[in-house]
Amino acid sequence: MIDKVLEINGLNVSFDSTLGSKHAVKDLSFDIIRGETLAVIGESGSGKSVTSKAILQILGKTGHIDSGEILLHVDGSKVDITTLESDSIHMRRIRSERISLVSQEPMSALSPVHTVGDQIKETLFMCNKGLTEPEAREQTIKLLSQVLLPDPEVLIDKYPYALSGGQRQRVCIAMAIASRPDILIADEPTTALDVTTQAEILDLFAKLQQEINMSILFITHDLGVVAQISDRVVVMKDGEVVERGDVRQIYENPQHPYTIKLMDATRRLELPSALKIPYNAANSTTIKPIIDARNVCKVFENGGGFFKKGKVLVALDNVSVLVNQGESLGIVGESGSGKSTLGRAILGLDHATSGSIQYHDPSRNLDVDLVNLSRKKSDHLFIDLRLIFQDPMSSLNPRMTVADIIIEPLRQLKPEMSEKERQKELHEVMDWVGVHRDWAARYPHAFSGGQRQRIVIARALITRPKLVIADEATAALDVSLRSRALDLLIEYQNRYGTSFIMITHDIATVKYFCDRMVVLEKGRIVEQGTVDQIINNPQEAYTKRLIDAVPKAELPPLEPQPEPERLSA
């Protein structure tokens, strides 16, 4: 007999808006078997995350379940979650003890005014009433070690802002597994993680699953991860299930055209883009680079006090990189390797401790050292140098509409433009990156993570910059939207000659988009060269480990079964 832990039957979910009610999930039905991993895949806006929020009754004020049932199997009985109020004691107990969530956006999931340790201990105290403070601290340090965070004894007392995006995501995973739940809902849990950490976290999920017989509802757009961990797959499109089945059946014999399209988009990303005009490296010897960073160092001092010296962290150690005009440079490395710190130093958002970062603009005959350049003096550079943030939700003002968010840089940086000219630029960039015009009057909370990331990309491109630093810009996008977004950036680059720095842990994105790449480890460059050179013939063991850890969107071949013995006559 199949041991089901959760059943969803005929679920319909809608959201209220100024434009009327919008159906996000339509007649959805599937079940989760105890101890299995069920993967839910589909494009951004397909209803994946809405389904997880409905299970946890966290749809917000505008969302509501219209019909259907969500049956949680508890101690031999069934509880229909749809009949429980979101803030009721029963629902709180289910969320604290039975079903945990690892959300897609760690910065918005963590409290900025509480330490990492206090947030994890809160979960432990809710699940273990007799737990003492020393015991909770010890268990918290153990959980932080389990999710492979460095120096857990020190990190336990830090606040979320002091961690990288990948480290924050691992904290969220530690919080989710602290209660040892029956069901772990993992909503894009490895999006912000580098490939080696992702592989280790997936192994951790598998070990926990075996240890406590936990079921995992894995929501993702990464078909390589799906192939690696899932038992069954549900494919969603526009709030409906279009295909379901065993993982091998879905990968080796997909039936629905939409599933086939997702598979094809994944395979496209494994090759360089056909749209990209090959970069002429010979020109780089005659044309001055747009960015020339030399011996850049960045040192952070953590903790300390009046009588105690703080701990020194070297985030960048004599890093030197060149970015040529019209070139795409990929920067890869594990979480905490200094990728984002280098990007922020180039933009002047976090000044380098030492070294030089020369910005050259031939159209203005401009040469500027960006190190220690004050905001007031560098205002004109905010038009030329733009950033696509890693965490879309925390980088968008929740009180501003989509139109106001995207057009704000023009209002702030180009006051000479008329409002009519700004609106024209707004509509052009929205069409360019796939932000529908009917989204203009809506607010960020009404969108999925992938849709929010497209809004962030539109805001960065609206000034027509000379250099764009994309910090995990496509991490929140599903495979079809990712290839589409990268193609849009390539077309933009071909048209305007924009240079890109792509900060990412996704080797496929680098292969598809970039001309050259730099590999960082613990703040130092271990290898750099053309993408072909490094990916096809890596020289350093660290680079080889990064490349080998990339999950492939293919299943291992079935082991041959021994033939049954034949009985003699």
Side-chain angles (χ1 to χ4, degrees), residues 147-150 164-167 169-170 190-207 220 222-229 266-273 276 279 281 314-323 327-343 470-472 474-475 479 482 486 501-557:
V147 295
L148 309 168
L149 280 164
S164 70
Q167 289 172 329
Q169 187 66 296
R170 280 179 271 175
T190 57
T191 293
L193 303 179
D194 55 76
V195 286
T196 52
T197 304
Q198 174 179 262
E200 292 164 342
I201 290 297
L202 294 177
D203 286 342
L204 173 62
F205 281 166
K207 290 175 184 176
T220 185
D222 190 333
L223 299 186
V225 171
V226 173
Q228 185 175 333
I229 68 161
T266 299
R267 296 184 181 106
R268 274 187 65 209
L269 283 172
E270 294 174 354
L271 299 169
S273 172
K276 190 168 181 62
Y279 179 73
V314 180
L316 295 173
D317 188 359
N318 284 312
V319 172
S320 298
V321 296
L322 294 176
V323 184
E327 181 185 37
S328 296
L329 176 70
I331 301 178
V332 301
E334 293 179 310
S335 179
S337 62
K339 306 187 300 295
S340 296
T341 303
L342 178 59
D471 190 353
E472 302 288 4
T474 59
V479 284
R482 190 186 313 169
L486 291 173
I501 296 177
M502 183 66 72
I503 297 171
T504 183
H505 58 255
D506 186 1
I507 302 295
T509 296
V510 172
K511 190 188 296 186
Y512 190 82
F513 184 80
C514 296
D515 304 295
R516 291 188 303 115
M517 64 186 290
V518 171
V519 183
L520 279 177
E521 181 188 19
K522 296 179 180 177
R524 291 188 175 187
I525 293 178
V526 296
E527 196 164 355
Q528 61 179 314
T530 67
V531 172
D532 285 341
Q533 286 172 347
I534 292 181
I535 291 181
N536 296 324
N537 188 28
Q539 299 300 305
E540 300 294 328
Y542 176 75
T543 310
K544 292 176 183 177
R545 185 158 59 91
L546 286 179
I547 294 170
D548 291 342
V550 178
K552 306 292 190 298
E554 55 188 32
L555 298 172

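Numbers here are sequence positions counted from 1.
Side-chain atoms of Gln539 do not come within 3.5 Å of backbone N or O of Glu527 as any donor-acceptor pair. With Gln167 contributing its side chain and Leu149 its backbone, the two residues share no donor-acceptor pair below 3.5 Å. Under a 3.5 Å cut-off, the side chain of Arg516 and the backbone N or O of Leu322 do form a donor-acceptor pair. No donor-acceptor pair under 3.5 Å is formed between the side chain of Lys339 and the backbone N or O of Leu520.
Here Gln528 pairs with nothing under the side chain to side chain donor-acceptor pair (under 3.5 Å) rule; sequence neighbours left out. Every residue meeting the side chain to side chain donor-acceptor pair (under 3.5 Å) condition with Asp506, not counting sequence neighbours, appears here in chain and number order: Arg482, Thr509.
The two residues Glu540 and Val526 come nearest to each other via the heavy atoms CG-O, 3.3 Å. The heavy-atom pair separating Asp222 from Gln198 by the smallest distance is OD2-OE1, 4.0 Å. Here the closest non-hydrogen pair linking Thr530 and Met517 is O-CG, 4.5 Å. Contact detail for Phe513 and Ser328: the closest heavy-atom pair is CE2-OG, 3.5 Å. Summarising the geometry of Met502 relative to Cys514, their closest heavy-atom pair is CB-SG, 3.8 Å, with the distance given to 0.1 Å.
The only option from Val314, Val319, Asp317, Leu316 that meets the side chain to side chain contact (heavy atoms under 4.5 Å, CB included) definition with Arg524 turns out to be Asp317. Under the side chain to side chain contact (heavy atoms under 4.5 Å, CB included) test applied with Ile501, the options Val321, Leu342, Val323 reduce to a single match, Val323.
To the nearest 0.5 Å, atoms CG (Asp471) and CD1 (Ile503) are separated by 4.5 Å. Ile229 contributes atom CD1, which lies 5.5 Å from atom CG of Leu202 (distance to the nearest 0.5 angstrom).
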What's the verdict on salt bridge (charged side-chain N to carboxylate O under 4.0 Å, His left out) for Arg545 and Glu334, showing C-alpha distance, side-chain angles and the deciding distance?
-> CA-CA 11 Å; Arg545 185 158 59 91; Glu334 293 179 310; 3.3 Å; yes
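Two residues are said to be in side-chain contact when any heavy atoms from C-beta on lie closer than 4.5 Å; Ile525 and Val519 fail this criterion.
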